[in-house]
K.L.:
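Below is a structure I'd like to ask you about.
Residues take their numbers from the sequence shown, with the count starting at 1. FYI, side chains are in, hydrogens and waters are out, and symmetry mates aren't considered; it's all heavy atoms of this structure.
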Amino acid sequence: MRTEEVLAAIGTGLWSWDSSSGMVTFDAEAARLVGLPAEATVRPGEEVRPRFHPADWNEIDGIVNFAIAEGTLAEARMRIVDEDGEVVRTVRTRSKPVPLNTPGLHTYVLMGILQEVAPPPEAAAAQTPLTGDWRRSREAFLLDAGRALAEAVSTEEVLRVAGSLSMPGFSPDGLAVFGVSGERLTVIGHHGHHVGDEKPFTDMLLETDYPAAEVVRTGQAIYLASPEEYRQRFPATWPLASGFGRRSWAFLPLISSGHTMGAWMAGFRHNVAFSPDERSVLNTVARMLAQALTRAGTAETERELSLGLQKAMRPSLGPGVPGLSVAARYIPTGGGLQVGGDWYDMIPLPNGRIALVIGDVQGHDVRAAGLMGQLRIALRAYASEGHRPDAVLSRASRFLSGLTESYDLTDGEDRSDATRFATCLYAEADPEAGTLDVARAGHPDPVVISIDGTAVIRQTAGGLPLGVEEDADYPTTRVVLGPGETIMLCTDGLIETGGHDMATGWTRLRPVLEKPVGDLEELADALVRAVHGPDSHYTTGPLVDRREDDIAVLVLRREGARARRVPGRRSAMTVAQAEPERIAVARQQLRELLHDWTDAEQVDSAELMVSEMATNVLVHTDGDALLVAEVTGELGERRLRVEVADASDELPHKRRPGEMASSGRGLVLMEMLADAWGVDPRGEGKSIWFELYESAEPAELGAVAGS
């Protein structure tokens, strides 16, 4: 004999209710018990609900939530009614709620049994809810209501939660929340009414003979158990309430920090006696509702202030610049006000060029945001005067140093707390030539994305952060963008958020930068998602301290027809006589340019030859070395060409150094390691170059061997 047949023999049926879909499943016996045809069926919840007494259906929701919270069974007695609302039988249910893993939703499947039982004596029924334990049901409801109201972050969400509350045994069918504006009562929100029903109650004087107005005036709750009681106590406004068809009303004060901020009305279509237990539940809900509305109001004020600060202190990029595309993002993570010290800017210059600025003031508080705003204005002023990038940053450093020194200390605040510095990168861009003259004050280097999608950190000369030293120097580096190439500027928050250092953060961002995208807006969004998106927690870094940081991102692309038929990448830099340490930077830049080169030994050879070529210029001439490296061709058949130019007319000569000689091996090495090399005289100076071929047969690329 099947289990269903055994259960049917003892008058017990099986049922389940999926709260996510709202569908209820019955076997034949359970269907019979609820007044449906005696056959297995699946019905929508809207069709099943009228089979149960309204008070019982509302109360079971609180019991289920309590069972989910404590991991216990949900037990209740429920009345089954016919189409006329008459009770035909009483059933007992024992069900197990199984939570569903639905992201963002509180859903479950309720599975259990239904069994017919004798109705309780009338005396017991009059004193306690039919579902049994009133205290257990009340605790379940308050637990669920408190959690839902605590999670609401806006006034709209609080009102939506309040409208969905299902109170144990006496759920209201209409709710309204009143606020106070001066000497008038206003309706903040309502539930269970049609749009426009609230109009007679809005903008009502507090002296009006209306229950909500009296509650606000006195701070005392008002319970009206019948229409007669309402009409007797408030005859002037009874005509306004009589059209809603309700039988009982509760008006409770909303009190926060000892101040009555408004009133809450709960209306019932059935008579409610408002017993001490029922009043206790209503008062508890009113207190939670007042606290939730206060928190939501504070949060909305903070968000409005935050947005106002951001809008006032962080400019838009303005109109487009011919020949250039620009996109930017700012993500604040600095506490409740969501403001911080990161910023970006784009400044039109008197010479027709534009300046791109990105920076980060130390700290994640309101003072950091204030200093940022002042520093941004100062930078705009210096740039508009026509100063070069190095002069703009030097003046900005003196400005910030003086600003922090004049800061007024508060009681208990140390002078070290007032000292703030800022990192900054300032680039003057020439849209026609595609050049950017970059000055950097302790800020991360820019990243250049070539037309074949390769992203390379473009190392540039830099100085101390702004505000550290009044007379700091900020050398300028020229970066050249070819048609279709992109440069990305960012604050350290984009790299280090999530427990990353500069190395691991760059490793995380590189695939995002090299992934093909439609436009710069998509690229900016992809960079932010890599740090703050749903998948970012899979790429947390190795550091223990994983605090988030503000993020500013600025990406710029040089438009125009591409000069090459095949994808290519290019890098250029100057090695000055006074900066021999830049040779190491050149080696690292070349290695990044060749990060996906097939033969690792060729990469080592290229580094060695670049080092020799640049060193020879610094040792044997009085000028600087200009290094240009370019990769062309398709993957697997590419060509690397490196040129080092100087202003000297003296041509190099191949020597035969002895075993103990300390120099003279440069051209010998190039002859051994390069696929092609040569020396080209120029009008002013010369250029020595070499080529390496990724293909096994470099002749296919049309290479010409040097002499």
Side-chain angles (χ1 to χ4, degrees), residues 314-315 317 321 324 326-331 340-347 349 353-362 368 371-372 375-380 382-383 387-397 399-400 420-430 434-449 455-469 472-481 485-496 502 505-506 509 513 520 524 527 549-558 571 573 585 589:
R314 197 157 287 106
L317 293 178
V321 178
L324 298 177
V326 186
R329 294 291 183 274
Y330 172 71
I331 307 298
D342 290 25
W343 88 96
Y344 61 82
D345 207 350
M346 187 170 76
I347 309 169
L349 299 178
R353 300 179 180 182
I354 63 165
L356 301 174
V357 187
I358 191 164
D360 179 4
V361 175
Q362 176 193 11
L371 286 174
M372 177 270 290
L375 183 58
R376 183 179 68 81
I377 294 172
L379 280 163
R380 273 187 161 261
Y382 298 141
H387 299 293
R388 295 288 297 163
D390 55 341
V392 170
L393 290 190
S394 294
R395 285 166 167 76
S397 183
F399 172 80
L400 183 59
R420 298 286 182 104
F421 63 84
T423 66
C424 183
L425 187 150
Y426 181 99
E428 182 177 315
D430 185 342
T435 61
L436 291 94
D437 294 329
V438 178
R440 191 168 55 85
H443 202 81
D445 281 301
V447 176
V448 175
I449 308 168
V456 177
I457 297 176
R458 179 63 166 90
Q459 298 192 10
T460 58
L464 294 171
L466 304 179
V468 173
E469 188 176 293
D473 293 327
Y474 298 97
T476 302
T477 303
R478 173 158 290 188
V479 177
V480 181
L481 289 183
E485 290 188 328
T486 303
I487 189 169
M488 187 272 288
L489 315 176
C490 69
T491 56
D492 57 0
L494 183 71
I495 303 172
E496 296 180 339
M502 283 292 175
W506 164 240
L509 291 177
L513 291 165
L520 293 187
L527 288 169
D549 197 1
D550 303 331
I551 294 172
V553 181
L554 190 61
V555 285
L556 176 143
R557 175 176 296 161
R558 184 184 179 191
S571 180
M573 68 176 294
V585 176
Q589 194 162 302

K.L.:
With rounding to the nearest 0.5 Å, note down the distance linking OG1 in Thr460 to CG in Asp445.
P.N.:
4.0 Å
K.L.:
Shortest non-hydrogen contact from Cys424 to Leu379?
P.N.:
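Residues Cys424 and Leu379, closest heavy atoms: SG-CD1, 4.2 Å.
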K.L.:
State, yes or no, whether a side-chain contact exists between Val553 and Ile331 at a heavy-atom distance under 4.5 Å.
P.N.:
no
K.L.:
Check the pair Leu393 / Tyr382 against side-chain contact (heavy atoms from CB on, under 4.5 Å), numbers first and verdict last.
P.N.:
CA-CA 9 Å; Leu393 290 190; Tyr382 298 141; over 6 Å; no
K.L.:
Pick from Leu489, Asp345, Val555: which one makes a side-chain contact (heavy atoms from CB on, under 4.5 Å) with Leu356?
P.N.:
Leu489
K.L.:
State, to 0.1 Å, how close Leu400 and Leu466 come at their nearest heavy-atom pair, and which atoms those are.
P.N.:
CD2-O, 3.4 Å
K.L.:
Quick one: NE2 on His443 to OG1 on Thr491, what's the gap to the nearest 0.5 Å?
P.N.:
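Rounded to the nearest 0.5 Å, the NE2-OG1 separation comes to 6.0 Å.
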K.L.:
Check the pair Leu509 / Leu494 against side-chain contact (heavy atoms from CB on, under 4.5 Å), numbers first and verdict last.
P.N.:
CA-CA 9 Å; Leu509 291 177; Leu494 183 71; 3.8 Å; yes
K.L.:
Evaluate Tyr426 against Tyr474 for side-chain contact (heavy atoms from CB on, under 4.5 Å), listing each step before the verdict.
P.N.:
CA-CA 10 Å; Tyr426 181 99; Tyr474 298 97; over 6 Å; no
K.L.:
Report yes or no: does Ser397 contribute a side-chain atom to a donor-acceptor pair with the main-chain N or O of Glu469 at less than 3.5 Å?
P.N.:
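Between the backbone of Glu469 and the side chain of Ser397 there is a qualifying donor-acceptor contact (under 3.5 Å).
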K.L.:
Using a 3.5 Å distance criterion without hydrogens, assess whether the side chain of Thr486 forms a donor-acceptor pair with backbone atoms of Val448.
P.N.:
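Between the backbone of Val448 and the side chain of Thr486 there is no qualifying donor-acceptor contact (under 3.5 Å).
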K.L.:
What is the minimum heavy-atom distance between Arg380 and Met346, and which atoms define it?
P.N.:
NH2-O, 3.3 Å
K.L.:
Rounded to the nearest 0.5 Å, what's the gap from CG on Leu520 to CZ on Arg329? Could you check?
P.N.:
9.5 Å
K.L.:
For the residue pair Val438 and Ala427, what are the closest heavy atoms and their distance?
P.N.:
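The pair with the smallest heavy-atom distance is CG2-CB, 4.0 Å.
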K.L.:
Within the structure provided, determine whether Val456 and Ser571 are in side-chain contact (heavy-atom separation under 4.5 Å).
P.N.:
no
K.L.:
If I compare all heavy atoms of Trp343 with all of Asp360, which pair ends up nearest, and what's the gap?
P.N.:
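Taking every non-hydrogen atom into account, CZ3-N, 3.4 Å.
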K.L.:
Is there side-chain contact between Val357 and Val392, with heavy atoms separated by less than 4.5 Å?
P.N.:
no
K.L.:
Could you check Asp550 against Met372 for side-chain contact (heavy atoms from CB on, under 4.5 Å), going step by step and ending with a plain yes or no?
P.N.:
CA-CA 13 Å; Asp550 303 331; Met372 177 270 290; over 6 Å; no
K.L.:
Enter the distance from Asp390:CG to Thr477:OG1 here, rounded to the nearest 0.5 Å.
P.N.:
10.5 Å
K.L.:
Quick one: CG on Leu481 to CZ on Arg557, what's the gap to the nearest 0.5 Å?
P.N.:
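These two atoms lie 11.0 Å from each other.
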K.L.:
What distance do Arg440 atom CZ and Thr476 atom OG1 have between them, rounded to the nearest 0.5 Å?
P.N.:
11.5 Å
K.L.:
Show the nearest heavy-atom pair for residues Pro475 and Ala461, with the distance to one decimal.
P.N.:
CG-CB, 3.6 Å
